[in-house]
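Naming: A, B, ... by sequence-line order, numbering from 1 per chain.
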2 protein chains.
Amino acid sequence: MSVEDRRVKRLPREVREKQILDAAVRVFSEHGYHEASMDEVSEVAGVSKPMIYAYLGSKEDLFAACIRREAGLLLEAIVAGVDATVAPDMQLWMGLKAFFEFVGGNKQSWRVLHRQVISQGGPFSDEVLAMRSRAITLVDALLVGVATKRGMDEHAQKSTEAMSAALVGASESLADWWLDHPAVPTRTVVAWLMNLVWMGFGDLVEGNTWSPSDH
Amino acid sequence: MSVEDRRVKRLPREVREKQILDAAVRVFSEHGYHEASMDEVSEVAGVSKPMIYAYLGSKEDLFAACIRREAGLLLEAIVAGVDATVAPDMQLWMGLKAFFEFVGGNKQSWRVLHRQVISQGGPFSDEVLAMRSRAITLVDALLVGVATKRGMDEHAQKSTEAMSAALVGASESLADWWLDHPAVPTRTVVAWLMNLVWMGFGDLVEGNTWSPSDH
DNA sequence: CCGTATTCTTACTCCGGAGTAGGTAACGAG
DNA sequence: CTCGTTACCTACTCCGGAGTAAGAATACGG
């Protein structure tokens, strides 16, 4: 009985670190950074608290490590999902699809990345805001490419960064909405967003702008 | 000297409550809910801590009160800014304009509403998510109106709610972006968003949909 | 001028939870 | 077998900050 009963012990450091990070992501995603306690993380990870401090450092460090890992996975998934040789609209399509697929398959990761991080003004936000910036930059590059190629006017070009921010925000928001409506298939959600955003941008490129009648 | 030196004391309850709420909004917007301490709020408000507990209740209650007040002001500003008799696109324009103007003029309120609330899964989120829902519903009504009037197909109609969520998210995200680029005038930002979103929706209504070539 | 209600303060209690001290047990090398 | 190293635990310390007890000072009606 001593063999079976005994908890699996004395695993190499790498494995424990992974277990701890997994547990941390789960706990943080459930309670948020502040409500989460190191005790609960240790409990979920099946490891005592000092291990966490020995391996991952302070609570802040631990959270940052979670962010870094998950953000890396997300970005990785996106760039892996995009074929840079196809047309811009298809690139956007593929990127969005990869994004939504990741969110659908890793809801916890998404919760940690999106909900938790933005609010804390701490050193974490840097981590995620950096990723967010990378995402925005990615989209911006796409838009700028299209805009300059088609000879978009200067004023409209200035708007691409803002548009990218809006698009990224729309994606995030739609992802949240989607979490509450899981019945909708991935392609559908992405198609909706593409229609909203690409058609709108297409008009913009063509010079088909909207403007208020009076005011 | 006793007259001037003496801090202004013994104000009626209403006034104190307002002072406390003002201070709370400021402190919460700077540090976030958890990092904010009641001691700091009391200090900023120029009132001792037990007053807060006497008038506004617990920290949670205080935060909820902030949210309620600010959310109310925001929604009020939006509906006040919209003329329900004009064309739908102008209604959206006016609503967005009112929204961005509010954000520009009340950055602290916005920070509290947007950044802080979403993350905490507590009873606050209900408050703001309710407001968010109202905003989405408002937009959705607009879109549905347009869609049905122009005989949009059923499939596309189903997407209006999602589109509204995306639009609200885009607005929020763009508002955040705007806070970092205050040089851009309000009208301009709103115009960008209108172009992106209304032109896209317009295409959708016309049946001008985008779809991926392969995949 | 007395009682009662309201405004307001100082000076605490108390606890959750971050972080640690110090020790035990398992492995691997020589 | 022993010595060093690494994995791991129990059982604490300690502090920030939420919330409170108990009373002081002012207003005001009668």
Under 4.0 angstrom between Arg16(B) side-chain N/O and dC8(C) OP1 or OP2: yes

Under-4.0 Å side-chain N/O to phosphate OP1/OP2 contact, Tyr55(A) with dA7(D):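 For dA7(D), OP1 or OP2 has a side-chain N or O of Tyr55(A) closer than 4.0 Å.
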
Please report, rounded to the nearest Å, how far the [atom2] atom of [N] is from the [atom1] atom of [X].
| X | N | atom1 | atom2 | answer |
| --- | --- | --- | --- | --- |
| Lys59(A) | dG16(C) | NZ | P | 15 Å |
| His34(A) | dG17(D) | NE2 | P | 11 Å |
| Phe28(A) | dA18(C) | CZ | C1' | 12 Å |
| Glu40(A) | dG19(C) | CD | C1' | 18 Å |
| Leu56(A) | dA7(D) | CG | P | 13 Å |
| Asp39(B) | dC15(D) | CG | P | 17 Å |
| Leu62(A) | dG17(C) | CG | C1' | 15 Å |
| Ile52(A) | dG17(C) | CD1 | P | 14 Å |

Check: Arg111(A)/Gln108(A) side-chain N/O donor and acceptor closer than 3.5 Å: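 Judged by distance alone, the side chains do not pair up.
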
Residue pair Ser58(B) / Asp61(B), side-chain donor-acceptor N/O under 3.5 Å: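 Looking only at side-chain atoms, Asp61(B) and Ser58(B) do form a donor-acceptor pair, the distance falling under 3.5 Å.
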
Given dT10(C), dG17(C), dG19(D), the nucleotide with the shortest approach to the side chain of Tyr53(B): dG19(D)

Upstream residue (5' side of DNA chain C) when Lys49(B) and Arg13(B) are each assigned their closest nucleotide: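 Nearest-nucleotide comparison on DNA chain C picks Arg13(B).
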
Parallel, tilted or perpendicular, as decided by the 30° and 60° cut-offs, for the rings of Phe28(A) and Phe63(A):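 Geometry flag for Phe28(A) against Phe63(A): perpendicular rings.
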
Touch class at under 4.0 angstrom, heavy-atom based, for Met38(B) against every strand present: sugar-phosphate

Touch class at under 4.0 angstrom, heavy-atom based, for Ser37(B) against every strand present: sugar-phosphate

dA27(D) base / Arg10(B) side chain donor-acceptor hit below 3.5 Å: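 No, the side chain and the base share no sub-3.5 Å donor-acceptor pair.
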
Atom CZ of Arg13(A) with >12 non-hydrogen neighbours under 6.0 angstrom: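 Enclosed.
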
Check: Asp39(A) main-chain N/O paired with Ser42(A) side-chain donor or acceptor under 3.5 Å: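 Answer holds: yes.
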
